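Quick notes on the structure that follows.
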Amino acid sequence: MARVYNFNAGPAVLPQEVLQEAQRELLDFKGSGMSILESSHRGKEYDAVHAEAVANYRQLLGCSDDYAVLFVAGGASMQFAMVPMNLLGAGQSADYINSGAWAGKAIKEAAHIGKVNVAADCGKEIPARVPAPAELKLTPGAAYVHLTSNETISGAQWKTFPKTEAPLVADMSSDILSRPFDINQFGLVYAGAQKNLGPSGIALVAIRKDLAERAAANVPTIMRYKTFIEENSLYNTPPSFSIYIMMLVSRWILKQGLANLHRQNAAKAGLIYALLDAGGFYKGTARTEYRSDMNITFRLPSEALEETFVKEASKQGLKGLKGHRSVGGIRASIYNACPVEGVQALVTFMKEFEKKNG
Ligand code: PMP
């Protein structure tokens with residue numbers, strides 16, 4: 001069996017050890033005679049998986065007792081809705097920072113629920129970037145401030161986070177646990193799991209518990225963070241297999257160490273950025289100070305060459321390099337589980353492609 005190098009933006013590459021372990025345990029989970037897929041979410045086998053997932057992510061995120069870690073179905077898009085449903089009270093407004101397509105989607109959803117103030121907007125700029133702190137026009141008394149830590153489509157990433165008076169809420173879907181950060185700077189962070197954490201269709205949420213008290217009485221039970229906190233994400237039948245895979249990934253991240261992963265991620269991105277910085281054939285599409293270590297975006301001299309690039313790369317086992325359909329170009333998503341050998345193979349391919357076509 002040949003595994004390719006997978007540069008998809010999400011669902012994305014998972015650690016091979018995790019897939020192998022899941023495969024080993026698939027038919028008979030720890031001598032139970034059944035798969036974890038078939039086990040009761042109230043039984044002792046799943047209970048242990050769930051407890052370890054919660055404990056590991058609490059540890060990785062550095063959560064004190066003031067925070068709860070939740071597993072919520074529906075992915076990050078569900079969080080675009082749940083955040084304002086729970087935190088944006090009647091008569092209040094929330095500050096949203098527009099840094100690109102995903103921040104834009106979060107803004108659109110919040111506007112269904114309440115008043116949104118766009119505190120800064122560089123969402124359509126090319127080269128892509130995130131706003132500098134001085135650009136933020138924050139509203140005194142805002143319910144919260146929302147940002148997108150890494151714009152998966154444009155490849156712009158916050159390198160440090162702004163200090164805000166209102167609770168800071170972050171969509172960390174495409175860079176969570178790719179680098180250390182201080183959870184205490186945030187009221188809430190959420191991340192669709194399908195990049196650095198596991199399968200799609202589920203989000204990891206870390207929330208300062210007092211914020212969950214804000215939800216109005218008419219928010220449905222299943223949409224309340226308070227329900228998830230009180231029931232330890234087991235109010236209803238959870239996506240148990242997804243949480244199991246997330247648990248295995250959390251073990252893997254603990255084993256690697258967050259600081260090591262951060263170093264490796266920067267080194268991997270650096271290999272590709274060095275080529276983009278050499279100038280000429282490949283042009284990066286995010287501003288140097290803000291460019292992402294997770295999603296590397298660039299253009300070639302023509303769309304025809306970009307198409308050939310994607311096709312030839314694919315033939316060599318380098319998959320998923322086509323840029324998002326809304327912007328075109330090339331995007332290499334190199335999350336935690338993308339091996340350095342994959343990035344080296346991509347760089348070699350890029351050099352050869354330039355020699356042939358440059
Ligand atoms: N936010 C960001 C930054 C994303 O990259 C994505 C998905 N690519 C989403 C939100 C939406 O996630 P989901 O598809 O899990 O709803």
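Quick caveat, the model's predicted, so the values are computed rather than measured. Just so you know, these numbers use all the heavy atoms, side chains as well, and skip hydrogens, waters and symmetry mates. Numbering of ligands and ligand atoms starts at 1, following listing order.
Under a 4.0 angstrom heavy-atom cut-off, N150 registers as being in contact with ligand 1.
Among the atoms of F80, none of the N or O lies under 3.5 angstrom from an N or O of ligand 1. Note: no N/O pair closer than 3.5 Å links S174 and ligand 1 by distance alone. At least one N/O-N/O distance between K195 and ligand 1 falls below 3.5 Å. Considering backbone and side-chain atoms alike, D171 places an N or O below 3.5 Å from some N or O of ligand 1.
Looking only at heavy atoms of the protein, atom 5 (O) of ligand 1 is closest to T152 OG1, 2.4 Å. Nearest protein neighbour of atom 16 (O) of ligand 1, counting heavy atoms only, is S77 OG, 2.6 Å. Counting protein heavy atoms only, atom 11 (C) of ligand 1 is closest to W102 CZ3, 3.5 Å. Among all non-hydrogen protein atoms, the one lying nearest atom 12 (O) of ligand 1 is A76 CB, 3.3 Å.
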Given ring pair (Phe, Tyr, Trp, His ring centres under 6.0 Å), test Y96 with H146 step by step and report yes or no. CA-CA 5 Å; Y96 273 71; H146 181 281; 4.6 Å; yes
Just do the ring pair (Phe, Tyr, Trp, His ring centres under 6.0 Å) check on Y225 and F228 with the steps written out, would you? CA-CA 5 Å; Y225 291 122; F228 282 82; 7.4 Å; no
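Across the listed options Q194, M78, M172, H324, Q194 owns the non-hydrogen atom lying nearest to atom 15 (O) of ligand 1.
By the 4.5 Å heavy-atom criterion applied to side chains, L197 and Y57 are counted as neighbours. Side-chain contact between F349 and Y5 is absent, with no heavy-atom pair separated by less than 4.5 Å.
Using modelled atom types, one finds no donor on one side chain facing an acceptor on the other under 3.5 Å when comparing S178 with N196. Side-chain contact, N150 with S292: a donor N or O sits under 3.5 Å from an acceptor N or O.
Interface of G75 with ligand 1, defined as ligand atoms under 4.0 Å from a residue heavy atom, comprises 15 (O), 16 (O). Close contacts between ligand 1 and S173 involve ligand atoms 1 (N), 2 (C), 3 (C), 4 (C), 10 (C) [criterion: under 4.0 Å to a heavy atom].
Counting only distance, with no hydrogens or angles, the side chain of N336 and the backbone of L261 share no donor-acceptor pair below 3.5 Å. Under a 3.5 Å cut-off, the side chain of K319 and the backbone N or O of S314 do form a donor-acceptor pair.
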